[in-house]
Every structure is written in C-alpha cells, then in structure tokens.
Peer 1: 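Could you have a look at this structure, given as structure tokens, before my questions?
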Protein chains: 2
Amino acid sequence: MRGEQTPRLREALEDDIVSGRLRPGQKLDEVGLAERFGVSRTPIREALIQLSASGLIEIRPRRGAFVALLGPRELLESFELMAELEAACARLAAQRMGAADRATLAGALAACGAAVASGDSCAYYSANAAFHAAIYAATGNRVIHGEALRLQRALQPYRRLQLHVPRRMETSLAEHEAIMAALSAGDGMEAAERMRAHVLVQGERFMALLAALQAEAEALAAPG
Amino acid sequence: MRGEQTPRLREALEDDIVSGRLRPGQKLDEVGLAERFGVSRTPIREALIQLSASGLIEIRPRRGAFVALLGPRELLESFELMAELEAACARLAAQRMGAADRATLAGALAACGAAVASGDSCAYYSANAAFHAAIYAATGNRVIHGEALRLQRALQPYRRLQLHVPRRMETSLAEHEAIMAALSAGDGMEAAERMRAHVLVQGERFMALLAALQAEAEALAAPG
DNA sequence: GTCAAGAATCTTGTATGCAAGATATATATT
DNA sequence: AATATATATCTTGCATACAAGATTCTTGAC
C-alpha cells in the first residue's frame, strides 16, 4: 500500500463537483465515498476538509459534508470578489505580459471563437476558462494565479447552469475580444474595467437565472 | 468527551502562529501537539490540514507540517495580492459605507493615532489590523470580507517583524488618514489607489528588511 | 388521522494500532 | 578521517474500533 491517497481523492472529488456530476447541495457520505474509492474514512475526511477550505464543499459539524450550495447573496458576493480579482489580474497582465503569455492568450481566444462558430457551448465553456486562466498566468504572480484558479473552480458549478442562455456565447466572445485588445495595447485600466464588467454581468445574469429557476421550482412544488 | 475538538485546536494553533509564538519554518510535531492539547493525533491532523489550506502552515507529504515560511518571491507576490484585494475593498467601501461603518472606521483610526502618540508600536499593530478590517467589513460583502481577513492573518507573522522600523508608524498613520479622507469623500478611485500604494509599500519595505536580515545571518554564519 | 415522545439505527468525531517512508545512528570501507 | 552503507528509530499515512450526537422508525396519546 503506497502512501498519499488524500491528494488523489481530493482531485477526484473536485472533478466530480466542478464537472457537475455531484450537484450543489448534495450530501457526501463518508462511508459511501470510502467504499467507492476503496479506502478508509480517514483519507476521505482529510480530502473533504481540504475541499471545504477551497470552498467547493461545506462541512456542518456532526451533520456531514455537502457540495457547496451558495445562496443568492453569497453567490453575488462571490462573483463580485471574482470580478475584482480578475480585474486586478487584467491590469497586471497588461503591464507584464510577455510574448509567450500573449501567444497562449491568443490561442485561447481563438478557441473561444471556434466554439462560437460551431455553436458548441460545451467547448466554449472550457475555452472560456482557459482564456481567463491565461490572464491569471500572465500576471507573473503565482500567488494571485493560484487564488484566481481556486475561486474560478469554486464558481464553476454555477457557471455551468448558464450554458444555454441565448446569445450568451456571442456577447461573451465580444467582451473577450475587447479585453484582449486592451491587454495588447498595454492599457491596464481599460482591461481591468472591461474585465470587471465582464465578470459582474455574468454574476448578475446568473442571479436572474437562479431567480427564474427558483420561481419555477416553487410553482411546481406548490400546486403538486 | 464532547465532540468538535478540531475548531478549538485550529484556533489555538492559528493564534500561536499569528502571535509569533510559533516561528515561520518551525516544525509542528503531531505527537507533541496531541500531548500538549490532550487529544489524539486525528483531530490534530485535521486542524493542520485546515491551517495549511488557509496558508498559515505548509504540509510536505511524509515530512510533516511546518509554519509557513514564505520565500522573498512568494512574500512579495502575497503582498501584491493583498494590495489588490484591499484596494478593491477601499473602492467598494467608499461607495457603500454606512454610518455605523464610518463610526467603526473613525474609532480604529483614532486608536491608531493614540498608539502613535504614545509610541506604542504593539498597540499600533493591532489598531492597524482593526482599521484595515473595518474597511473589509464596510464593503458589505461578507465573502470579500472573509477572504481579506484570511490573507491578513496569513501575512501577520511577517508584518510583525516590521514593528520597529523607524518612523514606520507615523508614515503609516498619515497614509491611513489620506485613505480615510478619500473614503469619507466617497472617492472610490482615490481610496483604492492610496490603499494599494499603502499595502505595496509595506511589502517592499518588508522585503528590504528581510534582505538585510538575511545578509546579517549570512555574515554571522560564514566566518563562525 | 396527526402529532409527539421514546427507542433503534445510523453517521460523525476521536482514539488506537500498524505498515511504510523518512531520519538518525552506527559500522565498514577507502 | 571522511564518506558511504546498513541498520535502528522515529514519524507519518491509513485502517479499524468505539463513543456520542443526529436521524429515523415505532409506538402511544389526543
């Protein structure tokens, strides 16, 4: 038996959550997970604690672990934090971006364009994440890069719900292109401002979607 | 035996680290900690995992847990993140601050002034933390507030080393007053810009101090 | 038939035991 | 004497065991 199960378990669970296989609010049973992964509860618990620290799950004492289910307020606040953090990344990237960063960024933007052209919202989903991640990396600041990635992952399950909002991809792509232009021009302020708006509007659009879904759910629940 | 040891242990260890009783780089022995707190290794391990997630300690697989010891690069990068995050807080606080927030902030600023007047750098240390925390709170965004506090704590052990830099308190207080003025005027851009500079300069001053200390240590080590 | 109280069951939190990797020590070799 | 190697010891990572709080089911009263 070789050591270090916990990282593997953490990654597997993280993947399940980010990819949507585990839904927000769902309970994570320690014994069940232990059996599924063929380990004891100990490394499972350690992985769960790590995930709770990164915001993907919530542990309620004596009640168990649940895939994080952000309420409307917390969700809006998280998107606001993301917007501020990404705006900072854009500003720093505009100042420091090197040739390699520029190439990576251009590639990610091209992938976004291709996804829009083919109408593949799933491809856009990951190309979008790569575009944003390329900006984090272009700050040259690994601490900021890591924090931004962590937050991006924590919000991923919610972004997923947005995939099919009409014309979302097109407007998002246009915003990406404007951000790219500001970055290429070295205009940090402009890039930051556009990035902030880009992320904030996602949060607001998402809030509207959430409200609609909740109204729908209540309408279904009440008469039944 | 009542449940829930882990939170207590986490807080106690966090306090030991933030207060400086445990030095950066120091090893944390699981058995030793377990004996000291009168518990088994299990809750100790869980507390250590949580602390590693918040950045206060570092766990190296099969090697053990150590109080986080940031290298120069990571430290500068962390201060840069802090500067961006606090700048965002200042901007949001300028827009949203209510009467209660304003009063808390004024109180914290007064405490900073009193500490400078009496030359009590230890009192300034905590009044300074309270001033910054009041700004996080004034954003009205609990997620941002929590992240800012977490990062503040993670950097606290390093700020502590800076306590006795000559005239540090006076310049810091002057910067606080300028930030307060911008906040009161509702000038978010100005407040953000001043806050960013305030935090960045701390990071740079700290780097200089660290370099001096390292040079001193090497000078002592080489000839002996 | 609904609701409340109590018992049975389940799940979590902590303790303990054991195996494997890491560190320290002793020995041998050059 | 210094270095490399083998061995002993220590520490971590994981499995298992058990106790206490949470949940569910049953039973009784209204």
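Worth knowing before you read on, the calculation uses all heavy atoms, side chains too, and leaves out hydrogens, waters and symmetry mates. Below, chains carry the letters A, B, ... as their sequence lines are ordered, and counting in each starts from 1. The model shown is predicted, which means the values in this text are computed figures rather than measured ones.
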Peer 1: Is B:Arg60 positioned over the aromatic face of B:Phe66, cation under 6.0 angstrom from the ring centre and no more than 45 degrees off axis?
Peer 2: yes
Peer 1: Respond yes when some side-chain nitrogen or oxygen of B:Ser40 is under 4.0 Å from OP1 or OP2 of C:dA15, and no when none is.
Peer 2: yes
Peer 1: Grab the CZ-P distance between B:Arg8 and C:dG13 for me, whole Å please.
Peer 2: 16 Å
Peer 1: Without decimals, in angstroms, what is the distance between B:Ile49 CD1 and D:dT12 P?
Peer 2: 12 Å
Peer 1: Tell me every residue that passes ring pair (Phe, Tyr, Trp, His ring centres under 6.0 Å) with A:His145, counting only those two or more places apart in sequence or in another chain.
Peer 2: none
Peer 1: Check this one for me: any side-chain N or O of B:Thr6 less than 4.0 Å away from OP1 or OP2 of C:dG13?
Peer 2: no
Peer 1: Would you call B:Thr139 and A:Glu84 a side-chain contact if the rule is heavy atoms closer than 4.5 Å?
Peer 2: no
Peer 1: Calculate the interatomic distance between B:Ile59 atom CD1 and C:dA22 atom P; express it in whole Å.
Peer 2: 16 Å
Peer 1: Please list all pairs passing the side chain to side chain donor-acceptor pair (under 3.5 Å) test where one or both residues lie in residues 93-105 of chain B, with sequence neighbours left out.
Peer 2: A:Glu80-B:Arg96
Peer 1: Can you tell me how far the CZ atom of B:Arg205 sits from the CZ atom of B:Phe79, to the nearest 0.5 Å?
Peer 2: 10.0 Å
Peer 1: Nearest whole angstrom, please: distance from the C1' of D:dC14 to the CG of A:Leu33.
Peer 2: 16 Å
Peer 1: Nearest-Å distance, CG (A:Leu48) to C1' (C:dT14)?
Peer 2: 16 Å
Peer 1: Distances for protein N/O vs nucleotides 6-12 of chain C N/O pairs under 3.5 angstrom?
Peer 2:
from   : atom 1 : to      : atom 2 : distance (Å)
C:dT12 : O2     : A:Arg62 : NH1    : 3.0

Peer 1: Quick one: A:Phe37 CZ to D:dA15 C1', roughly how many Å, whole number?
Peer 2: 18 Å
Peer 1: Hey, is A:Glu4 close enough to A:Arg8 for a salt bridge, meaning N to O under 4.0 Å?
Peer 2: no
Peer 1: Report yes if a side-chain nitrogen or oxygen of A:Thr42 is closer than 4.0 Å to either non-bridging phosphate oxygen (OP1 or OP2) of D:dG13; otherwise report no.
Peer 2: no
